[in-house]
Amino acid sequence: MDQLLVALDVETGRRALELADTLADFAGGFKIGSRLFTFEGPPLVRALVDRGARVFLDLKFHDIPNTVAQAVDAAVRTGAWMIDVHASGGTAMMREAVRAGREAADRLRRPAPILVGITVLTSMDDAGLRETGVERPLLDQVVALARMAKAAGLHGVVASPHETASIRAACGPELTIVTPGIRSASAGGAKHDQTRTMGPAEAVRAGASYIVVGRPIIAAPDPRAAAAAIVEELRIEVEP
Ligand code: C5P
């Protein structure tokens with residue numbers, strides 16, 4: 001199912017590819033994070049792309065605009081379909097990321113990558129945010145960063161499912177919203193270290209365009225069955 005992005009948070013490329021093969025008919029794409037990418041690099045992204053998979057390269061770029069532009073260009077060359085940057089890197093940085101993504105894709109005659117902005121990490125709370133000098137409430141900061149990301153030309157944002165409805169209300173129906181922190185009874189019920197969770201269908205109902213699911217699928221005794229259960233929940237929501 002298109003909306004389900006599976007986080008391949010495993011130690012080796014070999015295990016990631018095994019999982020990708022196992023889950024191919026259920027996943028709308030696979031997320032590669034900094035751990036796996038640091039260890040396995042672009043060949044793993046290419047191996048997934050060669051299998052026909054969409055890859056969300058979750059490296060959360062945050063640097064000066066020129067460096068982020070070059071990193072986005074490199075990410076497009078790996079074949080990534082979705083790429084993220086920190087919205088708190090600022091408007092100029094996000095604009096450069098969009099420009100670089102579009103130019104690299106044009107050069108390679110491919111569709112432009114979907115660029116999404118991280119708003120506030122779900123590991124942060126109001127107190128942690130205040131420590132960094134941000135005085136307004138966390139939800140206000142999330143919505144402000146989402147508005148900034150949209151104005152800078154990003155296609156969307158990454159946010160907790162609990163923030164989705166406020167972002168949707170502020171930024172409209174076109175913005176892509178990607179939400180991790182998905183848990184449900186059908187996925188085994190364990191929350192792991194995620195605190196503010198939501199079920200898959202509930203997250204889509206709240207306005208998520210894509211949900212990112214890691215451990216409820218990849219750490220399940222039967223990852224295929226776990227993915228199938230989530231797809232079934234989503235199908236009921238998307239095709240009532
Ligand atoms: O295993 P789980 O379903 O919690 O995996 C969620 C994935 O989404 C992980 O790769 C995690 O790093 C990522 N993520 C997150 N919260 C964010 C951004 C990314 O959990 N705000």
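Count residues from 1 along the sequence. Ligands are counted one by one from 1 in listed order, and the atoms in each one are counted from 1 as well.
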If hydrogens are left out, which of S34, P180, A219 has an atom nearest to atom 19 (C) of ligand 1, that is, the closest non-hydrogen atom?
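It is P180 whose heavy atom sits nearest to atom 19 (C) of ligand 1.
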Do any N or O atoms from the side chain of R54 and from the backbone of G28 form a donor-acceptor pair under 3.5 angstrom?
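Side chain of R54 to backbone of G28, a donor-acceptor pair under 3.5 Å: yes, one is there.
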T119 (side chain) donor-acceptor with V158 (main chain) under 3.5 angstrom:
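At least one qualifying donor-acceptor pair exists.
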Close-contact set for ligand 1 against [X] heavy atoms, below 4.0 Å:
| X | result |
| --- | --- |
| P216 | 3 (O) |
| R215 | 1 (O), 2 (P), 3 (O), 4 (O) |
| T122 | 16 (N), 17 (C), 21 (N) |
| G214 | 1 (O), 2 (P), 3 (O), 5 (O) |
| R183 | 1 (O), 2 (P), 3 (O), 4 (O) |

If we ignore angles and hydrogens, is there a donor and acceptor under 3.5 Å between the side chains of S209 and R168?
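Yes, because at least one side-chain N or O of S209 sits under 3.5 Å from a partner of the opposite role on R168.
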Is D50 salt-bridged to R46, going by a charged N under 4.0 Å from an acidic O?
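No.
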Does this structure show an ion pair linking D9 with R35, if we count only N-O contacts that are shorter than 4.0 Å?
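Here D9 does not pair with R35 in a salt bridge, since their nearest N and O are not under 4.0 Å apart.
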Against ligand 1, does G181 come closer than 4.0 Å with any heavy atom?
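G181 does not count as a contact of ligand 1 under the 4.0 Å cut-off.
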What are the two closest heavy atoms between V212 and A7, and how far apart are they?
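Heavy atoms only, the tightest pair is CG1-CB, 4.0 Å.
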